[in-house]
Amino acid sequence: MTFSLKTPTSFNLPAVVRSHGWIQMPPFAETTDHGLAYIIRLNTGKVLRFEVHAVDGNLRVSATALLSEVEQDELSHTVRWMLDLEQDFTEFYSRACQEPKLIKMVERQAGRVLRSPTLFEDVIRTLLTTNTLWKHTLRMCRELITRYGDPLPCDIELHAFPTPEQLAQVDEPTLREQCRMGYRAPYVNELAQRVVSGELDLETLKTSSLPTIELRKELMGIKGVGGYAAANLLMLLGRYDYVPVDSWALKVVSNEFYGGEKVSPKQVLSTFERWGKWQGLVYWFWDWSPTV
DNA sequence: GGTAGACCTGGACGC
DNA sequence: GCGTCCAGGTCTACC
């Protein structure tokens, strides 16, 4: 079945789809016309694949299954969240267009960051990016999904991302052994347990009115989420007050602003401080000079 | 508040 | 083939 969604005035679907590495991780995929494809498990338990295409200035969403009214509402709401359709970038663009290194992103109407349907899923993905190479992150994520996620009925080789309930049933040694996630296994297991027990309601953080600093504290209360992971997750929540400083950030900031001299995380942070509540976004979409 | 060492995996490298 | 080193963030203990 198919339905349409209205887009905001400044919106570029391929720019959102390619905003970061999530699109390389299943069950995300990019369509041939640079739209979004994803396999989702709806609250009713129905598993389907949907695609989002840009058509005549709007979005066309097509699903591999017939949907009830409730299911279509859920899918519509989820797509809006995943593509960050609600956020207004007018203020940011007016500042960014005065910075030569941000002109390209303004012209591309970039700035929206691709999200998973749930914050739980984004936290798990972020945990899998820490202290490892991207290649290994992709492998861990693939194992997690193919082993524990629900299969797509029309193609059982493809799977949805596992729910907290499904991951809570997998013990730590099994996660270590089957997904090769090492010391991250207890973090994933504990997070799933906390969400299932109701001790941690991650999804309410998506619409929380807490100040960003408080939201950061909440996120850093999750085992395995440190400064980098929290800043990354805040970006996904539409809060850009923190720069996710990782080894890549140290490298590009050194190259761009310090003539290749070694820099500290503090120096990275001070580089973008003047951008205030937009600094994470500025860092993310900065037109970095090629590193030597 | 700052720092050192441990935590894991897998790739690169030397022998 | 085996052993060693290294990259990648976070946690914990200690100062």
Worksheet item: What pairs with A:Arg147 under salt bridge (Lys or Arg N to Asp or Glu O under 4.0 Å), at least two apart in sequence or on another chain?
Response: A:Glu143
Discussion item. Please give me every residue in residues 127-147 of chain A whose heavy atoms get under 4.0 Å of an atom in DNA chain B, ordered by residue number.
Written reply: A:Lys135, A:His136, A:Arg139
Worksheet item: Does A:Val16 offer a backbone N or O that forms a donor-acceptor pair with the side chain of A:Ser19 under 3.5 Å?
Response: yes
Worksheet item: Which of these, A:Val17, A:Val113, A:Thr129, sits in a side-chain contact (heavy atoms from CB on, under 4.5 Å) with A:Trp22?
Response: A:Thr129
Worksheet item: When you check the gap from the basic side-chain N to the acidic O, do A:Arg95 and A:Glu91 get nearer than 4.0 Å?
Response: no
Worksheet item: Quick one: CG on A:Asp150 to CD1 on A:Ile145, what's the gap to the nearest 0.5 Å?
Response: 12.0 Å
Worksheet entry | Axis deviation across the helix from B:dG1-C:dC15 to B:dC15-C:dG1, five-pair ends, to the nearest 10° | 40°
Provide a list of protein-nucleic acid N or O atom pairs under 3.5 angstrom, restricted to nucleotides 1-6 of chain B.
from: B:dG2; atom 1: OP1; to: A:Lys266; atom 2: NZ; distance (Å): 3.1

Worksheet item: Looking for any heavy atom pair under 4.0 Å, which part of the strands does A:Leu250 touch: base, sugar-phosphate only, or nothing?
Response: nothing
Discussion item. Does A:Asp287 form a salt bridge (charged side-chain N to carboxylate O under 4.0 Å, His left out) with A:Lys104? I'd like the steps, not just the answer.
Written reply: CA-CA 8 Å; A:Asp287 186 14; A:Lys104 281 187 192 169; 3.3 Å; yes
Practice prompt. Examine A:Phe257 together with A:Trp286 and report whether their ring centres are nearer than 6.0 Å.
Written response: yes
Worksheet item: Where does the angle between the aromatic ring planes of A:Tyr38 and A:Phe50 fall among parallel (under 30°), tilted (30 to 60°) and perpendicular (over 60°)?
Response: tilted
Worksheet item: In residues 166-192 of chain A, what residues come within less than 4.0 Å of DNA chain B, judged by heavy atoms?
Response: A:Arg176, A:Arg180, A:Gly182, A:Tyr183
Worksheet, complete the sentence: Exactly one candidate in A:Gln166, A:Gln169, A:Gln178 meets side-chain hydrogen bond (donor to acceptor under 3.5 Å, both in side chains) with A:Tyr148; the answer is A:Gln178
Discussion item. Between A:Glu256 and A:Ser289, do the side chains contain a donor N or O and an acceptor N or O under 3.5 Å apart?
Written reply: yes
Discussion item. With a 4.0 Å cut-off on N to O distance, would you call A:Glu74 and A:Lys46 a salt bridge?
Written reply: no
Worksheet entry | Boundaries of the DNA chain C segment in contact with chain A, non-hydrogen, under 4.0 Å | C:dG8 to C:dT12
Worksheet item: Under the 6.0 Å and 45° cation-pi test, does A:Arg115 pair with A:Trp81?
Response: yes
Worksheet entry | Parallel, tilted or perpendicular, as decided by the 30° and 60° cut-offs, for the rings of A:Tyr240 and A:Trp278 | parallel
Worksheet item: Are A:Arg60 and A:Phe3 in a cation-pi contact, defined as NZ or CZ under 6.0 Å from the six-membered ring centre and within 45° of the axis?
Response: no
Worksheet item: So, the side chain of A:Gln24 versus the backbone of A:Gly21: is there a donor-acceptor pair under 3.5 Å, distance only?
Response: no
